[in-house]
Amino acid sequence: MVSGTAPFTPSPATAPSSAPRAALALANVQYEKKGPIAYVTVNRPKVLNALNTPTWTDLHAAFEDAKADASVRGVILTGAGDKAFIAGADISELAHVDAYDAEESSRFGQGVLDLIENLGKPVIAAINGFALGGGCETAMACTIRIAAEHAKFGQPEVKLGLLPGGGGTQRLPRLVGKGRALQLILTGETISAQEAYRIGLVNEVVAASSLIDRAETVLKQIMANAPIAVKFSLEAANKGMDTSQSEGLVLEASFFGICAATEDKKEGTAAFLEKRAPQFRGR
């Protein structure tokens, strides 16, 4: 993340609820729900959806709402227009921050991306153009990344006298390996969607015209499965990456036991034996 943002005060987490929720009024992010899918669109196309303080705040609010709303089963995150997903920081803001404000904004941005990564629900990044700096970091925090053919990726912070501040030095090596990650971070080079796919940074590359349709298809495939099993699968993988393999296996076994006690497990196994489609209820 190349971001020059002022200090933030994150809003408190909200417990999940199935009660109707008031629509959010956000200045820099479009947020709408269609059935079980929430659509989050960074909406600053004139500046290639660059991240500034209000935009980070809006993203935080949108994903807190998606996490708390039990009717939301998954999220698609994209950028407005056809040129950029998120092209990085708002440099006009970044140029004026001091060391204290830069560290505070980095920590808040990291917190927003941790929220996305650990939402407990799948988040599909539909990458419709430039994903640079904080845009690349935002995409990496998502569960699955689907890129349009013209998308570009990179961590150009070193060219501004900085380093990635939104998790780029941590998530990129985990996704593509330390050597390739350091090459991208230290050179600041920009790579194509095809190269991003080759090194494992994105899951798929599709035509721009089918980007959202493909994101919806993948998300619906996930949402057809047991919600509790999906939630714990995400948590096991995310937490396991930060532990030893043996500790991760203990966590996996624990979650396996939890899922085995659910109504969804009974329904899933019964449906398989009865050769019918399961009807999961998230219980």
Distance from [X] atom [atom1] to [Y] atom [atom2], nearest 0.5 Å?
| X | Y | atom1 | atom2 | answer |
| --- | --- | --- | --- | --- |
| T78 | F85 | OG1 | CZ | 6.5 Å |
| L59 | F108 | CG | CZ | 9.0 Å |
| L115 | K67 | CG | NZ | 6.0 Å |
| L51 | L132 | CG | CG | 11.0 Å |
| I124 | I144 | CD1 | CD1 | 4.0 Å |
| M140 | L175 | CE | CG | 6.5 Å |

Please name the pair of heavy atoms, one in [X] and one in [Y], separated by the smallest distance, quoted to 0.1 Å.
| X | Y | result |
| --- | --- | --- |
| Q155 | C136 | OE1-CB, 3.3 Å |
| T243 | G248 | OG1-N, 3.5 Å |
| V29 | T55 | CG2-O, 4.2 Å |
| A139 | I127 | CB-CD1, 3.9 Å |
| I76 | A126 | CG2-CB, 4.2 Å |
| V202 | A147 | CG1-CB, 4.3 Å |

If you count every heavy atom of other residues, nucleotides or ligands that lies below 6.0 Å from E274 atom CD, does the total exceed 12? yes
Using a 3.5 Å distance criterion without hydrogens, assess whether the side chain of [X] forms a donor-acceptor pair with backbone atoms of [Y].
| X | Y | value |
| --- | --- | --- |
| R174 | Q170 | yes |
| T143 | V123 | yes |
| E93 | T53 | yes |
| Q110 | G165 | yes |
| N43 | N28 | no |
| N118 | D114 | yes |
| K121 | V72 | yes |
| T217 | D213 | yes |
| H150 | D82 | yes |
| R73 | M223 | yes |

Under 4.0 Å between a side-chain nitrogen and a carboxylate oxygen: does that hold for [X] and [Y]?
| X | Y | value |
| --- | --- | --- |
| R44 | D58 | no |
| E189 | R180 | yes |
| E204 | R145 | no |
| E267 | R276 | yes |
| E263 | K266 | no |

Between [Y] and [X], is there a side-chain heavy-atom distance shorter than 4.5 Å?
| X | Y | answer |
| --- | --- | --- |
| I116 | C142 | yes |
| I91 | L160 | yes |
| H60 | W56 | no |
| Y39 | Q30 | no |
| L182 | P173 | no |
| V112 | F63 | no |
| F153 | L201 | yes |
| T138 | L77 | yes |

- Decide whether I228 and L219 are clustered together by the hydrophobic rule: side chain heavy atoms of Ile, Leu, Val, Met, Phe, Trp, Tyr closer than 4.5 Å, transitively.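 They do not share one cluster, since no chain of ILVMFWY contacts under 4.5 Å joins I228 to L219.
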With side chain to side chain contact (heavy atoms under 4.5 Å, CB included) as the test, would you mind laying out the steps for I258 and K265 before giving the verdict? CA-CA 10 Å; I258 292 171; K265 176 263 183 181; over 6 Å; no
- Message: Please tell me whether D264 and T262 have a donor and an acceptor in their side chains that are separated by less than 3.5 angstrom.
- Response: no
query = With distance as the sole criterion, is a donor-acceptor pair present between the side chains of S244 and E247 under 3.5 Å?
reply =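 Yes, E247 and S244 have a side-chain donor paired with an acceptor closer than 3.5 Å.
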Test side chain to side chain contact (heavy atoms under 4.5 Å, CB included) applied to F255 and E235, step by step
CA-CA 9 Å; F255 289 163; E235 189 170 348; 3.7 Å; yes
message = Please evaluate residues I146 and V218 with respect to the criterion side chain to side chain contact (heavy atoms under 4.5 Å, CB included), reporting the C-alpha separation (whole Å), side-chain torsions for both, the decisive distance (0.1 Å), and the verdict.
response = CA-CA 10 Å; I146 302 175; V218 172; 3.9 Å; yes
Salt bridge (Lys or Arg N to Asp or Glu O under 4.0 Å) between E195 and R198, worked out: CA-CA 5 Å; E195 177 65 5; R198 188 188 72 81; 2.9 Å; yes
Charged tip of K83 within 45° of F130 ring normal and under 6.0 Å = no
Worksheet entry | Stepwise side chain to side chain contact (heavy atoms under 4.5 Å, CB included) test for E149 and V206 | CA-CA 6 Å; E149 292 172 326; V206 301; over 6 Å; no
